[in-house]
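Notes follow the structure.
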Number of protein chains: 2
Amino acid sequence: MTDTVVEPRMTRAARRVLDTAARLFYQRGITGVGVDLIAAEAGVTKKTIYDRFGSKDNLVVAYLRERDQRWRAVVDRHVEAAADPREAVVAVFDSLEAWQRAMGDRGCAMINARAELTGPDHPARELALAQKQWLRARFAELLEEAGIDDAADAAVELLLLHEGAVVMSDVGGIADAVERARHAARRMVDRAE
Amino acid sequence: MTDTVVEPRMTRAARRVLDTAARLFYQRGITGVGVDLIAAEAGVTKKTIYDRFGSKDNLVVAYLRERDQRWRAVVDRHVEAAADPREAVVAVFDSLEAWQRAMGDRGCAMINARAELTGPDHPARELALAQKQWLRARFAELLEEAGIDDAADAAVELLLLHEGAVVMSDVGGIADAVERARHAARRMVDRAE
DNA sequence: CTGGAAGTATACCTACCGGTATAGCTACGG
DNA sequence: CCGTAGCTATACCGGTAGGTATACTTCCAG
């Protein structure tokens, strides 16, 4: 099965558009950013945007997909650098901290997109679902490799902690939300057998 | 210190407006719902809305505040019905399940509002913060009453689990996200001393 | 050297947004 | 019984949204 969404041709101008859109969408929200603004900030005409991406919605999807890809790569990098599966579980939370430091913190782009794009058939829904399922599966893998009982259940718990940390470090009020989550995760893998 | 926001006079028409707005804002998003639509669905003229609430932003704030109040009341009710502080901690997750069953599940209204209203000085920001701080304090109270060590730390962990459960039951993919969180919470209070 | 792809510049379209203005109706308390 | 609060009805405003149309340029590859 091939991709149902046509990949836009990534010319230099398109690259600039996508980078600019990604920054603006994340910081000011998707509905809060108009196509004209993106064009102006990217130093590009609206026509170029529509020639490359077809519609604002397609541009939004491209933004979410690319961001998702990059985030997964960061997680993978941290996981692979870990000494063993248990450390790898904890390393996922390190990757979150690194990700936030690099990208700024306005919460999870997927969750935010879901909040704004409420149509029941909007692609953002399945993208968000796929991302969270991926992380859950990743946790489950690592826990199984570590020989931990009830790996599937523990993976869900870690996912909840992770998402809670993402949300709370956006909302504020808990200075070290991610570190707290990592602490909890470490305790989980240390106690478990 | 008195309230900085003027309470709108709750006439019958205003009540209908706020109820309608609450439903529409939550289901379709705040930016996704126009004042004209609210007026039409509430069986009211736009003038009435602006006479009672002054602006869409004020209406949004009224929506968030009322929803917050009601949610806190539900939590309190469940907590007070619990046999002891430890059960009360778990009961918070029961209250979440009841709340979701009653209100439908499109995630946390505060978090969604934050995603849409990105202005750094928008009242939605402090409302969200206050709500989460309140829950954290509630957890901390109960854990201290239960004589659990490191109540403050445990309270943060419970908050993360709670928020993770809210997010994930919206995103989907984990059928019983709230029950999983409750399970983890029970284990926490059972193990702790 | 030529044709097409990529891009700029500019103007335009329709739809809808939050918000305002004017006029008139109804119900109720002093 | 009369004034005012609360409301309806309708029309309007400026701004902005996503998206399209036309004409001109630039640049590279066959």
Side-chain angles (χ1 to χ4, degrees), chain A residues 5-64 112-113 115-119 121-124, chain B residues 5-25 27-64 113 115-119 121-124:
Chain A
V5 177
V6 179
E7 283 300 327
R9 299 217 30 212
M10 268 305 166
T11 61
R12 251 157 301 155
R15 182 71 264 153
R16 241 158 51 226
V17 167
L18 188 46
D19 289 341
T20 305
R23 179 172 45 85
L24 292 173
F25 283 156
Y26 186 64
Q27 277 162 3
R28 306 192 206 175
I30 292 168
T31 52
V33 172
V35 182
D36 295 86
L37 178 63
I38 296 169
E41 297 245 328
V44 145
T45 331
K46 266 209 289 185
K47 186 170 179 299
T48 300
I49 295 184
Y50 283 92
D51 281 350
R52 291 304 121 222
F53 295 93
S55 69
K56 185 187 177 181
D57 241 39
N58 288 153
L59 180 57
V60 168
V61 170
Y63 149 60
L64 292 173
N112 292 350
E116 296 193 71
L117 285 10
T118 59
D121 52 350
H122 197 285
Chain B
V5 177
V6 180
E7 282 299 327
R9 298 217 30 213
M10 267 305 166
T11 61
R12 251 157 300 153
R15 186 68 265 157
R16 240 157 52 225
V17 167
L18 187 48
D19 289 342
T20 305
R23 179 171 47 85
L24 292 173
F25 283 156
Q27 277 163 4
R28 306 191 205 175
I30 292 167
T31 52
V33 171
V35 182
D36 296 87
L37 179 63
I38 296 170
E41 296 244 330
V44 146
T45 329
K46 266 209 287 186
K47 185 168 181 301
T48 300
I49 294 184
Y50 282 92
D51 281 349
R52 292 304 120 218
F53 296 93
S55 69
K56 185 187 177 181
D57 242 38
N58 288 154
L59 181 56
V60 168
V61 170
Y63 148 61
L64 291 174
E116 296 192 72
L117 285 11
T118 60
D121 51 351
H122 197 285

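Every chain is numbered from 1, with letters handed out A, B, ... down the list of sequences.
The nucleotide whose nearest atom lies closest to any side-chain atom of Thr45(B) is, among dA9(D), dG19(D), dT8(C), dA9(D). Taking only side-chain atoms of Lys47(A), from C-beta outward, the nucleotide of dA21(D), dG18(D), dG18(C) with the closest atom is dA21(D). With dG7(C), dC7(D), dA9(C) as the choices, the nucleotide that has an atom nearest any side-chain atom of Arg52(A) turns out to be dG7(C). Checked against dG7(C), dG18(C), dT8(C), the side chain of Tyr50(B) finds its nearest nucleotide in dG18(C).
Residue Phe53(B) contributes atom CZ, which lies 16 Å from atom C1' of dG19(C) at whole-angstrom precision. For Leu59(B) and dG19(C), the CG to P distance is 10 Å, given to the nearest whole Å. Regarding Asp51(B), its CG atom lies at a distance of 18 Å from the P atom of dC25(C), rounded to whole Å. Rounded to whole angstrom, the span from the CD1 atom of Ile30(A) across to the C1' atom of dA17(D) amounts to 16 Å. In this entry the distance linking CD1 of Ile38(B) with P of dC17(C) reads 10 Å, nearest Å. Regarding Lys56(B), its NZ atom lies at a distance of 20 Å from the P atom of dG15(D), rounded to whole Å. Separating the CG atom of Leu117(A) from the C1' atom of dG18(D) is a distance of 14 Å, rounded to the nearest angstrom.
Here the closest heavy-atom approach between residue Ala62(B) and residue Phe53(B) is recorded as CB-CE2, 4.2 Å. Among all heavy-atom pairs drawn from Glu41(B) and Arg23(B), the shortest one is OE1-NH2, 3.4 Å.
Nucleic acid contact for Gly54(B): none, since no nucleic acid atom lies under 4.0 Å from a heavy atom of the residue. The residue Val33(B) sits close only to the backbone: its heavy atoms come under 4.0 Å of sugar-phosphate atoms, none of a base. Looking at heavy-atom distances under 4.0 Å, Thr48(B) makes contact with a base.
Looking at which nucleotide of DNA chain D each of Asp36(A) and Ala14(B) is closest to, the 5′-most match is held by Ala14(B). Nearest-nucleotide mapping onto DNA chain D: of Arg12(B) and Gly32(A), the residue sitting toward the 5' end is Arg12(B).
At dG7(C), one or more side-chain N or O atoms of Thr11(A) fall inside 4.0 Å of OP1 or OP2 (strictly under the cut-off).
Between the side chain of Arg52(A) and the backbone N or O of Thr11(A) there is no donor-acceptor pair closer than 3.5 Å.
No option in Lys46(A), Lys56(A), Lys47(A) other than Lys46(A) meets the salt bridge (Lys or Arg N to Asp or Glu O under 4.0 Å) test with Asp36(A).
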Output, in order, the C-alpha distance, side-chain angles, deciding distance and verdict of side-chain contact (heavy atoms from CB on, under 4.5 Å) for Leu117(B) and Val60(B).
CA-CA 10 Å; Leu117(B) 285 11; Val60(B) 168; 4.1 Å; yes
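The base of dG19(C) lies close enough to the side chain of Lys46(B) for a donor and an acceptor atom to sit less than 3.5 Å apart.
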